[in-house]
Amino acid sequence: MAGGRPVRIRASAGVLIRYKSQFGTDYNEDKELADKLKNEDKAAAAAGRLLWAMARTADENVMPFDDWICSIGSVELQAALIISQDMFAESVGSIREHKKGRERFTAERFLACASACGFTLSELDELPMHMVLDTIDEFMKISGKDISTDGCIVADQAAYDSF
């Protein structure tokens, strides 16, 4: 419950974009840093931000992060954090590990690849991450696009305009 209302969350490909847009960092980077430092506070902060991004994806009328996170009781927050991380991990599926020499998987890289494949933001809000990533892989195979060293094709102006 947030602000006395049940919290709806959605684990979709759009969550990473919303997270980056709101907080200025990638969820993957925040989580990796918290894991590397074995810092529970940083891990909890990243999980809370992820939960908010998932709630905002499900409902555009969700309060701003600071107000929203303060409106959730600590018991509800603990349970919601666990559920949201499990849901997101299930949505992501098995993201392929980047091979040596490849660049980090970021929200910008993901958005550029999805855009080049013709996905719209509303489609990214609906589809699970693993489905979008698998589609990007198949699109590159079928279209005969050369996969660059970072695993993506370069989005042109038309791809960006489609958003």
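Heavy-atom minimum distance, Ala34 versus Ala43: CB-N, 3.4 Å. Annotation for Thr120 and Glu123: closest pair N-OE1, 2.9 Å, computed over non-hydrogen atoms. Residue Asp30 comes nearest to Ala46 through the heavy atom pair CB-CB, 3.9 Å, listed as atom of the first residue, atom of the second, then distance. Between Thr135 and Phe119 the shortest heavy-atom distance is CG2-CZ, 3.6 Å. Across all their heavy atoms, Trp68 and Gly48 have their closest contact at CZ3-O, 4.3 Å. Smallest separation of non-hydrogen atoms from Gln22 and Phe65: NE2-CB, 4.4 Å.
In this structure Asp35 satisfies the salt bridge (charged side-chain N to carboxylate O under 4.0 Å, His left out) test together with Lys31, sequence neighbours excluded. Applying the side-chain contact (heavy atoms from CB on, under 4.5 Å) test to Glu138 and every residue at least two apart in sequence or in another chain returns Lys141. Listed by chain and residue number, Arg10 satisfy the salt bridge (charged side-chain N to carboxylate O under 4.0 Å, His left out) test with Glu126 (two or more places apart in sequence, or in another chain). A search for side chain to side chain donor-acceptor pair (under 3.5 Å) contacts involving Asn39 returns nothing, not counting sequence neighbours. Residues that satisfy the side chain to side chain donor-acceptor pair (under 3.5 Å) test with Glu60, not counting sequence neighbours, are Arg18. Judged as a salt bridge (charged side-chain N to carboxylate O under 4.0 Å, His left out), and not counting sequence neighbours, the contacts of Lys20 are Asp26, Glu108.
Atoms OG1 and CZ, on Thr57 and Arg8 in that order, are 11.0 Å from each other to the nearest 0.5 Å. If you take OH on Tyr19 and CG on Asn28, they are separated by 9.0 Å, rounding to the nearest 0.5 Å. For the atom pair CG (Leu127) and CG (Leu133), the distance works out to 11.0 Å, reported to the nearest 0.5 Å.
When atom types are taken as modelled, the side chain of Trp52 and the backbone of Ala47 share no donor-acceptor pair closer than 3.5 angstrom. A donor-acceptor contact shorter than 3.5 Å is absent between the side chain of Ser21 and the backbone of Ile17.
Using a 4.5 Å cut-off on side-chain heavy atoms (C-beta onward), Lys42 and Leu37 make contact. In this structure, the side chains of Ser12 and Met129 stay at 4.5 Å or more apart for every pair of heavy atoms.
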Start with the C-alpha gap between Asp134 and Phe139, add the side-chain angles, then the distance that decides, and say whether side-chain contact (heavy atoms from CB on, under 4.5 Å) holds. CA-CA 9 Å; Asp134 290 346; Phe139 172 80; over 6 Å; no
Go through it in stages, so that I can follow the logic: the residues are Arg49 and Thr25, the test is side-chain contact (heavy atoms from CB on, under 4.5 Å), and I'd like the CA-CA distance, side-chain angles, deciding distance and then a yes or no. CA-CA 10 Å; Arg49 290 174 175 175; Thr25 62; 4.2 Å; yes
Given Tyr27 and Val15, is the side-chain contact (heavy atoms from CB on, under 4.5 Å) satisfied, shown in steps? CA-CA 9 Å; Tyr27 170 70; Val15 170; over 6 Å; no
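Put simply, Leu33 and Leu16 are part of two different groups of oily side chains (I, L, V, M, F, W, Y) that touch within less than 4.5 Å, one to the next.
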